[in-house]
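Notes follow the structure.
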Amino acid sequence: MSRPPISGATTVAGVVGSPVRHSLSPLIQNAWLQAAGVDGVYVPFTPPADGFDRLVRGLRGGAVRGLNVTLPFKEVALAMADRVSDRAKAAAASNLLIFHGDGTISADNTDGTGLLAAFAAQAPGFDPKAGPVLILGAGGAARGAAAALAAAGARQVRLLNRTAAKAEAVAAALGKPVVAFAANEIAAALMGVTAVINATSAGVADSAELDIPFELAPRGAVAMDMVYTPLETPFLARAKASGRRTVDGLEMLIRQAEPSFEAFYGQRPDPRVDVRALAIAALEARKAEAQA
Ligand code: ATR
């Protein structure tokens, strides 16, 4: 099926971030729209760094159905909403705003379900309840992952961050089962884990902090990196070399997009559309362009 021409009834949604130029969300969402023949469109919005609240205020009333929110606006998005889902509250961030006709805004967060769905897709059998999970980092992405794992019944979620105080603050905010480890406690933090998640922004840089001795983790432990440029980060490459299963950040991006599509356009995306292949092709084309 192909998407009907833009009409007077086209549903508009989009992604807002700064920068947003390299977002893969328009590619993914429009591929689903096209496959379903939905009269909808998904476009990027880039307000100036101090213009996010003006943009969102202007959209109150529902001219635009909703927005995915990416860096650096996820926290302020939450603050601007009239209604906030429990999972967005726990993550202290929103990646999904819906504008209602009555002028109100609701905020949700689908990053956590995206993370768990990525594990289910690429590391089948992984059970968040089965044992402790280690998260590297203590920023917004780490907090969101910790909140989602805690909500999924994880027995213990360990946070280890270069700046230990930040990990302690997140653990204090989320409470049990989230605990902080000091940066020099990596060996203890890896003991018995079922997964190690890189939620730092250091995936590409070959950071010493991410030189994880995966052999100290159980054989069955899964490594997951939220960064997806490159698709196989040095962190994932090391995990693979030590025989561990891996989950990549692109899968998480796609899986968080699915409930967003449903919220915008009222139906589930067709799983037969290979948005992963489309996204990989786009990433490869971008890489080739950068090298040219
Ligand atoms: P996000 O919202 O994506 O989580 P953030 O809030 O800026 O981004 O958090 C970035 C995280 O990556 C932090 O945990 C940061 O560690 P610090 O708190 O010590 O700054 C971590 N990080 C960034 N660069 C890193 C590096 N080179 N090595 C290890 N950790 C790094």
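Note: hydrogens, waters and symmetry copies are ignored here, and every other heavy atom, side chains too, is used. Every number for a ligand or one of its atoms is a count from 1 in the order of the listing.
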With atoms numbered from 1 as shown, which atoms in ligand 1 lie under 4.0 angstrom from a non-hydrogen atom of [X]?
X	answer
Gly137	14 (O)
Lys166	17 (P), 18 (O), 20 (O)
Gly140	1 (P), 2 (O), 4 (O), 6 (O)

Pairs of donor and acceptor atoms involving the side chains of residues 181-189, under 3.5 Å and at least two apart or interchain, shall be tabulated with distances.
residue, atom, partner, partner atom, Å
Glu185, OE1, Ala182, N, 2.7

Inset, instruction - Could you tell me whether Arg276 and Asp248 have a side-chain N and a carboxylate O separated by less than 4.0 Å? - result: yes
Inset, instruction - Determine, for Glu258 against Arg255, whether the closest basic-nitrogen to carboxylate-oxygen distance falls under 4.0 angstrom. - result: yes
Inset, instruction - For ligand 1, find out whether one of its N or O atoms is nearer than 3.5 Å to an N or O atom of Leu71. - result: no
Inset, instruction - Give yes if a backbone or side-chain nitrogen or oxygen of Thr200 is under 3.5 Å from a nitrogen or oxygen of ligand 1, and no if not. - result: no
Legend entry - Heavy-atom donor-acceptor pair, Arg245 side chain to Gln122 backbone, under 3.5 Å: no
Inset, instruction - Using a 4.0 Å heavy-atom threshold (strictly under), name the region of Arg162 that reaches ligand 1: side chain, backbone, both or neither. - result: both
Legend entry - Apart from Met191 itself, residues in the same hydrophobic cluster as defined by side-chain heavy atoms under 4.5 Å: none
